[in-house]
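Before any comments, here is the structure.
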Amino acid sequence: MNTLREIGQLAEHYDIAIVGAGPAGLSAAASAAELGLSVLLADENPAPGGQIYRAITTTPVADKCVLGEDYWKGGALVTRLERTAAAYAPGCTVWSVAPDETGGFELGLSLGGQARLVSAGQIILATGAQERPFPIPGWTLPGVMTAGAAQIALKSSGLVPSGRTVIAGCGPLLYLLAGQLAAAGANIVAVLDTTPRRNWLFALASLPDFLLSPYLAKGLKLMLQARRKLPFRTGVTALAAEGTDKVTSISVTHGGRTETIACDALLLHQGVIPGINLSNAAGCAQHFDAVQHCWTPTVDDWFASSIPGIAIAGDGAGIGGAESAALRGEIAALDAACRLGRISEAQRNAKAAPTQAELARSLRGRRFLDLLYRPAETFLAPPVDETIVCRCEEVTAGQIRDTASRLGVTGPNQMKAFLRCGMGPCQGRLCGPTVVELIAQAHKVSPAEVGYYRLRPPVKPITLGELAALPPTEAAVKAVVR
Amino acid sequence: MSASDRSADVIVIGGGIHGCSTALHCAMRGLSVILIEKDHAGRHASGVNAGGVRQLARHVAEIPLSNTSMALWHRITDLVDDDCGFTCDGQVLVAEDDEDLGNCRARVDDLTLRGFHHEELIDAAELRRLVPAVSDSCPGGVVSRRDGAAIPLRATQAFKRKAVALGADIREGVRVTRVARDGANWRVETDHGAFLSPRIVNAAGAWADRIAADLAEPVPLEVIAPMLMITARMPAFIKPVVILRKRKLSFKQFENGTVLIGGGYLGRAIRAENRTVLDWGKLATNAKTVWDLFPIMRAAPILRAWAGIEARMPDDLPVFGRSAKHEGVYHQFGFSAHGFQLGPGAGAVMAEIIATGSSNVPIDGLGIARFAPSAQP
Amino acid sequence: MFRPMHELKAADALGFTLDGRAMTARAGDTVAAALLANGVEACRQTPVSGAPRGPYCMMGICFECLVVIDGVGNRQGCLIPLQQGMRIETQAGRRQPDAVRA
């Protein structure tokens, strides 16, 4: 592995460029490099691992029990990549991916405050997942974070919430985090479970499959441990973070009763959804996944998107978890090598077969979890008008509801023109799903009919100075000389 | 669906600001209108342009139409019940050197001779007063004080809503597949059935050449994708819109602090897929111009860049007015990346021509006949 | 609101300032983590209402941890590794755009 620290060290062209060094990106890069392809693995973080294996090579958390054995499995992915000739660029943001005029792709990247364009024959987007927005009143107060954020602070810096800590929401990751934080010595005063009780009805049909799944033992263990040790409240139907300059308490309604719990930190989580900004901005088709209840890039069995040459591997193309992400990266890399003519279709199929079988196994039981932990409508489309939905532009649920009904706005792109929701620096990552949900509710249609933001590059901001200093590509120089 | 749902006094093809404005003004004149739009109102050029409401530096052939439009912009809330985000802080053409300023002087003198007084030559001191952040090296420029900017999609949708309120029938998500004569009527075939009307308006923007071709009036329309970019919210430092003559630049800070940067650099339009691809090399040139002219912008984060799909004619002038061949056919397209300001006025003039047969606003030089084979030299 | 699990070893400590106040954090921390470890909760005020905000996602997507680092505004604290001597400032509203001069 060749670690690149400066933008000038990047080559003009790579056979394959992979965005994101989580499990999917790491295994895609290793797999492609092992097949002899020139590989660029660009990742925003300072070290490999993505979010699930965040800081796997650098974490200060020495006690292996705190983060659990699943976390430490990530090390093998990095070790495998280290043995290859792949170029790995940490701290490198990919802000644009677009088809060029030669059948390949142009990537816009920034590293160390400098931007550059490089080309690649094939692209694998392994940009992973993000936590589903959890818009409750007061969720913008300092002291309120996502559960994933607390987990990142723990993994990468060995930080533990220091005061009274409340964890709220639903989903397997919530129990995992509660367990990790408890093991690390956090003072968890309440776990507020928002899993709607009636979800069991929908999920039960998928239970037989779940019983055969690798999730079962792991999931049950996590949940039972958390339940036994931690102060759980289930059937939570309303939440509001309270405080003026920071969160000081949370108001929680469960079983028709509302109570206030004093806290110093509130960690929110209601599942994860694909991070679709880069694929959407690149023009890849996407659809609304009714089971996972989120917009998802549309991919085939090889994780190829609607744009030939762009594949989307890992949770970025539908939530499947870390193990499946690594397998999906592997399969996407084989297909990319095949598209580049480095291996035949027969070779691709033969090499992929065992991985595909393993992938099918790893995804067993997923549906049960998706259905069981689907967030309640009240946490997807906040009923309290004052709730901020777009954190960047401070647009509230009430404003969106009103604009949807009074002005007949039927889609999120039109909503932007009226309220500016989704037009701040986060590019709709923290408001998009909620805006869609509110419009769908107002017009009594499904989120699928409402559509999603058309996202624009740069998918992460670059400065005007960086752009002004963008060096011309070799191709552009040649065009001028000619 | 009854026959009356399928026919009207006027059918407008295209739901950009021009189509919506024409539909509104036809409805105001008591005509029944059906507007047919393949996506949604303002989906393309009308919804994603820079929002400049500009008379400054226009071709003289467009100035009468532009004057009519500007009067409407200044009472836009009365017209459409929405202020469309319109603000009037003037537009300034900055001269980058003395030669540039000389050209500005010649232009303003020429306009004065023609009887137009909206452009005003300014010296370095007035330029600095209007645009304090401009680089010290610029010697002056031209200002058009009644100019400003609006929010494009919001404005286009406001025209649509008001047209609907006055009875216009707006069909979004309906694609015109063919236009043909049908007795005394024009038959507009779509993917949702056919519509009939004695009068049709071709306001189909970047797709208007297809309608014109059906009518045996082919036009050399070029599909272009002018690019724009916008920054994060910055402290307020500039009121008017700034444009340049020699280098391409259009520069505008909104009240919310965001700064819109454009100037007509083109990306790639993929018309069949409603898609555009940006050219970052050209955007870098655009950014470099800002770097030179406005040093305070150098660390501004660029949040988004995009391009709209527009129609450009070879002479950069719109095709506006009656068909050269057919009774009951009107063209209103090809605004060549500067049609947003013209929308309100062009719709009013078009409705007047449709309803009364003529208009006092001169539109000489904009007719489709200029592209007829016999008109070519 | 956060504390390190392990005591900070002198060899691992980096010094920096927040609005002129001297602080230390562990080498390897991001700027946002370093602020959390020092009990800092709000790191900016929004450009819309001036409301205080603090790190929210820690993974580069929410843009709540924007701070001024060595005079340059709008930097994402959760993506930038802390360096010895960094001058960090809370970001007040609309960041002055003229921080960087050629």
Side-chain angles (χ1 to χ4, degrees), chain A residues 95-96 98-101 105-108 113 115-117 281-283 285 306-307 392-393 406-411 413-420 422-428 451 453-473 475-477 479-480, chain B residues 40-43 47-48 51 82 84-85 151-158 160-161 164 172 228-233 254 256 258-259 261 267-268 270 273-292 294-307:
Chain A
W95 42 264
S96 171
D100 64 19
E101 278 163 298
F105 296 90
E106 180 187 78
L107 283 93
R116 213 173 130 194
L117 300 173
S306 63
I307 297 183
C392 297
E393 294 289 327
R406 195 169 46 82
L407 297 180
V409 170
T410 55
N413 293 299
Q414 299 172 46
M415 194 64 81
K416 289 198 290 194
F418 291 94
L419 297 177
R420 292 191 49 78
M423 295 178 89
C426 97
Q427 285 248 35
Y453 290 135
R454 268 191 310 281
L455 301 171
R456 315 287 200 180
V459 298
K460 293 284 175 83
I462 54 172
T463 67
L464 183 111
E466 266 179 280
L467 181 55
L470 193 67
T473 58
V477 172
V480 172
Chain B
H40 64 252
R43 164 68 178 84
V48 297
D82 187 316
C84 299
I151 300 175
L153 184 61
R154 182 168 153 190
T156 304
Q157 297 243 328
K160 173 194 126 179
R161 274 201 317 281
V164 169
E172 295 176 294
L228 292 166
M229 48 190 167
I230 196 154
T231 71
R233 290 173 185 254
F254 290 96
N256 61 39
T258 59
V259 177
I261 300 166
R268 237 180 329 134
I270 306 172
E273 296 173 28
N274 276 357
R275 224 155 51 79
T276 57
V277 178
L278 300 178
D279 184 329
W280 287 101
K282 289 183 194 158
L283 285 173
T285 308
N286 204 355
K288 178 68 168 59
T289 306
V290 176
W291 166 282
D292 291 341
F294 295 106
I296 66 167
M297 285 290 294
R298 291 175 181 181
I302 307 284
L303 295 193
R304 291 185 303 284
W306 69 94

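Below, chains carry the letters A, B, ... as their sequence lines are ordered, and counting in each starts from 1.
- When A:Met423, A:Lys416, A:Gln427 are compared by the number of non-hydrogen pairs under 4.5 Å with chain B, A:Met423 comes out ahead.
- Under the 4.5 Å side-chain criterion, counting only non-hydrogen atoms from C-beta, B:Trp291 is not in contact with B:Met297.
- Within the 4.5 Å cutoff, the side chain of B:Asp279 has no heavy atoms near those of the B:Arg268 side chain.
- Heavy-atom pairs under 4.5 Å with chain B peak, among A:Pro461, A:Pro457, A:Cys392, A:Gly465, at A:Pro457.
- Among B:Met229, B:Arg154, B:Arg275, B:Arg43, the residue with the largest count of heavy-atom pairs under 4.5 Å with chain A is B:Arg43.
- Between chain B and the residues A:Pro458, A:Ala98, A:Ala417, the largest count of heavy-atom pairs under 4.5 Å involves A:Pro458.
- Looking at B:Ile151, the atoms closer than 4.5 Å to chain A (heavy atoms on both sides) all sit in the side chain, from C-beta outward.
- Scanning both residues, B:Asp82 and B:Ala158, for their nearest heavy atoms gives CB-CB, 3.7 Å.
- Contact detail for A:Arg420 and B:Thr258: the closest heavy-atom pair is NH2-CG2, 3.5 Å.
- Side-chain N or O atoms of B:Thr156 include none that pairs as donor or acceptor with a backbone N or O of B:Gly42 at under 3.5 Å.
- Distance check, rounded to the nearest 0.5 Å: OG of A:Ser96 to NZ of A:Lys460 gives 14.0 Å.
- Within the 4.5 angstrom heavy-atom criterion, only backbone atoms of A:Ala282 (N, CA, C, O) approach chain B.
- The closest side-chain heavy-atom distance from A:Leu470 to A:Leu467 is below 4.5 Å.
- When heavy atoms are compared at a cutoff of 4.5 Å, B:Thr231 does not approach chain A at all.
- Ranked by non-hydrogen atom pairs under 4.5 Å with chain A, the options B:Leu278, B:Leu153, B:Thr285 are led by B:Leu153.
- With a threshold of 4.5 angstrom between heavy atoms, A:Glu101 approaches chain B through its backbone and through its side chain.
- Looking at B:Arg161, the atoms closer than 4.5 Å to chain A (heavy atoms on both sides) all sit in the side chain, from C-beta outward.
- Annotation: side chain of B:Phe254 is in contact with side chain of B:Ile230 (closest heavy-atom distance under 4.5 Å).
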Task: Stepwise side chain to side chain contact (heavy atoms under 4.5 Å, CB included) test for B:Ile261 and A:Leu464 - done: CA-CA 10 Å; B:Ile261 300 166; A:Leu464 183 111; 3.6 Å; yes
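- With a 4.5 angstrom heavy-atom cutoff, A:Leu407 touches chain B via backbone and side-chain atoms both.
- Proximity to chain A is absent for every atom of B:Ala232, based on heavy atoms less than 4.5 angstrom apart.
- If you tally non-hydrogen atom pairs under 4.5 Å between each of A:Arg454, A:Glu393, A:Glu106 and chain B, the highest count goes to A:Arg454.
- For A:Thr410, no part lies near chain B; criterion is any non-hydrogen pair under 4.5 Å.
- Looking at A:Phe105 and A:Asp100, their side chains never come closer than 4.5 Å, going by heavy atoms from C-beta outward.
- Only the side chain of B:Val48 comes within less than 4.5 Å of a heavy atom of chain A; its backbone N, CA, C and O stay farther away.
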